[in-house]
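Step one of this worksheet: look at the structure below.
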Amino acid sequence: MSVHKPLPHDSGPLHVTGTARYIDDLPVPNGCLHLAFGLSQTAAGTINALDLDAVRNADGVVAVLTADDLPFANDVSPSAHDEPLLATDRVHYLGQPVFLVVAKSHLAARKAARLGQMDISETDPILTIDEALAANSRFEDGPRIWTKGDVDAALDGAQHRLQGQFEMGGQEHFYLEGQAALALPQEGGDMVVHSSTQHPTEIQHKVADALGVPMHAVRCEVRRMGGGFGGKESQGNALAVACAIAAQQTGQACKMRYDRDDDMMITGKRHDFRITYDVGFDDKGRITGIDFTQSTRCGWALDLSLPVADRAMLHADNAYLLPHVRITSHRLKTNTQSATAYRGFGGPQGVFGIERVIDHIASTLMADPIDVRKVNYYSQLPSDVNTTPYGMQVTDFILGDMTDALITSANYQQRRNHIAKWNAEHETLKKGIGFSPVKFGISFTLTHLNQAGALVHVYQDGSIHLNHGGTEMGQGLFQKVAQVAAACFDVPTDVIKITATDTGKVPNTSATAASSGSDLNGMAVKNACDILRERIAACLAEVHDLDPSQVRFEQGNVHIGSQTVTFAQAAQIAYQNRVSLSATGFYKTPDLSWDRIKGQGRPFFYFAQGAAITEVVIDTLTGENRILRTDILHDAGSSLNPALDIGQVEGGYVQGAGWLTTEELVWDNKGRLRTHAPATYKIPACSDRPDIFNVALWDAPNPSETIYRSKAVGEPPFMLGISAFSALSDAVSACGENYPDLQAPATPEAILAAVNRARQ
Amino acid sequence: MKVTFLLNGETVSIDTPATQTLLDWLRIERGLVGTKEGCNEGDCGACSVVVSDPNGSPDVRAMNACILFMPQLHGKSVRTVEGIRGPDGTLHPVQQAMVEHHGSQCGFCTPGFITTMAAGHMAGRTDHDNVLAGNLCRCTGYAPIIRAANAAQNAPVPVWMHDKALAANPVDYAPDTLDELAKTYAENPDATLIAGATDVGLWVTKQLRDLNKVIFLNRCNELQKIDESHPDSITIGAGVTMKNLLPTLENFHPSYAEMVRRYGSEQVRAAATIGGNIANGSPIGDNPPALIALGAKLHLQHGQHTRDMLLEDFFISYGKQDRAAGELVTGVTIPKTAPALRSYKLSKRFDQDISAVCGAFNITVENGIVTDAKIAFGGMAGTPARATQVEAALLGRPWIRETISTAALCFNGDYTPMTDMRASAAYRLEAAENMLRRYFADLSGETVSVLEVSP
């Protein structure tokens, strides 16, 4: 059977030969026009006038549009209708699109876009968490607060108590393919849009609203993205809408791709957070009560910030049973890019909060941080008290066993001792070792999004056309789902044709996000394939005058009692007997209920888990640092494809470690992002991966009924990068008595500052 | 400008604007869309192509097509991802290995990895982290890519990777001789000189500047020589690329070489020249600190007239150098031996990152007393500059920890660094002080670099 096999990515041969097509590679009709936005150079202010004559007169310019030229909705928000495609009377961040250039070439559009004169009355921008709190500049009317138990009493009665506060930076997605869209005008005012998006239905919806047409007049197609990571969940709306409007107005195909600097200046990033904590604990480090305050800069528009901030709250417990807890969440409105979805969707920030607290407790008690983690773990045995801060019973916790297995396989204890000895012998360089677990809730917290559709055709030659609502951004979703389809008929995967996501084939799709791609679409495809298999089986049974239960699909053949035909012959027979060989499939995740205001319910179908141990070395003179070794044990259930899942784990870990080390976003006091290109924003490079990198899957079936008992794997391993931060903090601790209070990202500068604190 | 080169083995002759980039030409003019634009500034490697000199030179290298101007290709061979696969569709060993080892996920960076790996493979390279330092991947965490590179490294180079010879006529936009070049530049002092275009490329792709008049330097062989014939010194032509300089530095100045190993990336080093890095005058160029600490002498030529000066005197103030209009930097001379030279590059990321601080130390200690001290830094002032007060605090003093502690306080007098996105002023200053401490530990034999530590 094709599932559980480590097959290569379906597009691998296309990737390596340069023949895999991305938006900018698609052949375009003659006369295709190219777009660029003119960007605000002011973070906050009122637009008095725009002088765009020089733009209009520039070489190759065909049209210049402002908000006044938009015929219908001027809105690319995925949530609150607070995000105009082009600024109207005010600008809200430096980099906001103000006008749109339509030109004969990409270069001409870019050149012209810089010629606009904007007369803007500048006001003081709100840039920082402190400024936003002081101005009460926030989304929603006040902070969200969720509680469990009696926190104040627990803190008052605690044996030990600690307070702390730390900052964690945001993160640029740095998908290698920048945002891109191509609109092809059709007859009768219809529009076809190719978009590099994780959410084709959203593109269809926003384009339809912008063109003033029903959704049926717009079709969005996505074959693949050159990386997404959440950055293409909503951030592609602006390009697709701009292209569609320009295509409608000019009658020509229109393409837009952001230059990298524009991409980084315009689009949202991971939410940065400040987390404040007040924690009570006993001599073993067991947390008896904890009060968290999470403050995050959401940027200028709402985008997806509410569910992101919710998910940060939902992961404030990570793997730990917190008997008394209060989580307060401030969602702050600032004059910066509108922070958006990014792998983990707030979860990493929440998880990092509690991991940091546990390291602080361990440091205070001079205990092994793993021991402190273990005493706080949820029980592996379900019980009424084994509940999350939001009242969900944890019934599938396996991190106790996973942790013990990892400690052994990574030889943790011996290495910890060895590191202590090494540090005693070295003055300038210090090593550290860190552990972090992850328990990540799987499901969209907006319950209605947990649905998926599929469309499967079996052709009369036995070849199969596969389509579903999920999008391929590199994660291998298409291959995994093709393996599901092939398994349903027990045919080789090369019988299956993987096709581009297309709102004309499967409607009303959810974003490929929340790690849910294979869970949802795999099930929907299985549903469709099961229907077709049953139809074919019924037909063959009838032809042979047997019961359908006597028809078996095995290894490319179909056995009907004692007779055997190939799958292709079976398809031919079904066709000739006038059986419909096309079916839609559908799936909705069961057992979900969630009240986000009360913070109560069962928002998740199950938890995906994992654990990592990282060893690092730091230079106490400069703060330079490096990951030496990483050992990971990750839970992908019964993996649909262990090779692709390990790829998600390795890639997620390095991306997570990058978030907390080299990747630093810097804005100046005018609100200008100063790290807007790879020259200044440093994602991990090749040599930044661990020298020794051992990744294994915890191969146990998901107790919940998921597709072939697999588990979602896209986001959870990202959080294992936190172990690198813990290790760095551990290394700094070797320099002195004080808690180093390391801030994230742990750049060389941040580490040197922590070294100085440790030594004070 | 008339340009003749080999593209995937076939001769191509075109007439091109001076600042047309290879990437745009491939994608827009030629419809070869396998080569990707990731950043358009030479920092991500998605647009990497294989470039070689099809006239017998074994110098095969990966280069960034996004900041490679078409005239730079005259007489060269270019192989894009479309030309890595065999004519009959057979995959190159690196392509096969990348599929089998799951080295691609989203696939967008993959063509650049393939071309870079193919160039490294052809050159027999097995130091894959160095070869691939200029190729960013956001999906895989690199582990499977390195597995693929390891798996393919011993496979023979496919025959189709070898190019036929190409005869290229001299061209007026890229003089062949130094005299002709100096004359042309003296007569056209307003022209922009383009060597590797790793900086000028960005003027075009990011600042969107139109360069009216340009002179390409890459065909002037006289500038590309490294002369080691003198018993005590090495003269490096201004047109020597950092890639070609590296082996020489490894022989004579290993610490400087280790810094250059991290300078830009393989692709950037294949384009960037030492003369460009000096003449550009950037306060954060990585060569000048080491060169100044070596007491390097700079050579310039203006028409027929040549002159020499100490490199440290070349940098006058931010954006201003002692170079007349129409005057060329032709080379730099350094001593062959400087066992105490150390060069420390400090950046957020080890590979392909611009230095926050780059310090170079060259201190002579005789009988326990400091008898000579040359310390120079980049990133600490408007120009690369010596730490004269620190040097003074060291000279004549015993080479002991106390001297170091005292002297370190003098950086405060030598430099007033600034705060920017790379580092704060305070950190820069503290790091500079600590680099002196590191130097002391380094010379005493302690391991001082995290890069030398193994798990």
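All chains are named by letter (A, B, ...) in the order of the sequence lines, taking the proteins before the strands, and each is independently numbered beginning at 1.
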Contact part of B:Ile28 toward chain A, heavy-atom cut-off under 4.5 Å: side chain, backbone, both or neither? neither
Which answer fits B:Leu91, side chain, backbone, both or neither, if we ask what part of it has an atom under 4.5 Å from a heavy atom of chain A? side chain
Structural part of B:Arg209 lying under 4.5 Å from a heavy atom of chain A: neither
Checking B:Ser347 against chain A: side chain, backbone, both or neither under 4.5 Å from a heavy atom? backbone
Taking A:Lys480 first and then A:Asp645, would you say they form a salt bridge - that is, a charged N and a carboxylate O separated by under 4.0 Å? yes
Contact origin within A:Ser11 toward chain B - heavy atom pairs under 4.5 Å: neither
What part of B:Thr419 gets closer than 4.5 Å to chain A, counting heavy atoms only: side chain, backbone, both or neither? neither
Check the surroundings of atom NZ in B:Lys206: do more than 12 heavy atoms from other residues, nucleotides or ligands lie under 6.0 Å from it? yes
What part of B:Thr140 lies closer than 4.5 angstrom to a heavy atom of chain A: side chain, backbone, both or neither? backbone
Between A:Arg110, A:Met264, A:Arg224, A:Lys431, which shows the greatest number of heavy-atom pairs under 4.5 Å with chain B? A:Arg110
Say whether B:Asn150 and B:Arg147, considering side chains only, have a donor N or O and an acceptor N or O under 3.5 Å apart. no
Heavy-atom cut-off 4.5 Å, strictly under: side chain, backbone, both or neither for B:Glu100 against chain A? neither
Checking side-chain contact (heavy atoms from CB on, under 4.5 Å) against A:Gln475, which of A:Met225, A:Gln648, A:His9 comes through? A:Gln648
Per-residue contact mode, B:Ile114 against chain A (heavy atom under 4.5 angstrom): side chain
Check A:Glu177 with A:Lys232, please: is the shortest side-chain N to carboxylate O separation under 4.0 Å? yes
Under 4.5 Å heavy-atom distance to chain A, tell me which part of B:Thr35 shows up: side chain, backbone, both or neither. neither
Return yes if some donor-acceptor pair links the side-chain N/O of B:Asn64 with the main-chain N/O of B:Gly42 below 3.5 Å, else return no. yes
Using a cut-off of under 4.5 Å on heavy-atom pairs, state which of A:Pro684, A:Ala753, A:Ala679, A:Pro13 scores highest against chain B. A:Ala679
Hey, would you say the A:Trp422 and A:His418 ring centroids sit under 6.0 Å apart? no
Heavy-atom cut-off 4.5 Å, strictly under: side chain, backbone, both or neither for A:Ile419 against chain B? neither
Relative to chain A, which segment of B:Thr115 carries a heavy atom at a distance below 4.5 Å: side chain, backbone, both, or neither? neither
So, the part of B:Gln95 with a heavy atom under 4.5 Å from chain A: the answer is both
Against chain B, label A:Val16 side chain, backbone, both or neither, depending on which of its atoms sit under 4.5 Å from a heavy atom there. both
Tell me, for B:Asn40 versus chain A, whether the close heavy atoms (under 4.5 Å) come from the side chain, the backbone, both or neither. side chain
Quick check, are the ring centers of B:Phe108 and A:Tyr22 under 6.0 angstrom apart? yes
Side chain, backbone, both or neither: which part of B:Ala133 has a heavy atom under 4.5 Å from chain A? backbone
Quick one: what part of B:Asp127 sits under 4.5 Å from any heavy atom of chain A, side chain, backbone, both or neither? neither
If the threshold is 4.0 Å, N to carboxylate O, is there a salt bridge linking A:Asp24 and B:Arg27? yes
Exercise: do A:Thr620 and A:Lys430 side chains pair donor with acceptor under 3.5 Å: no
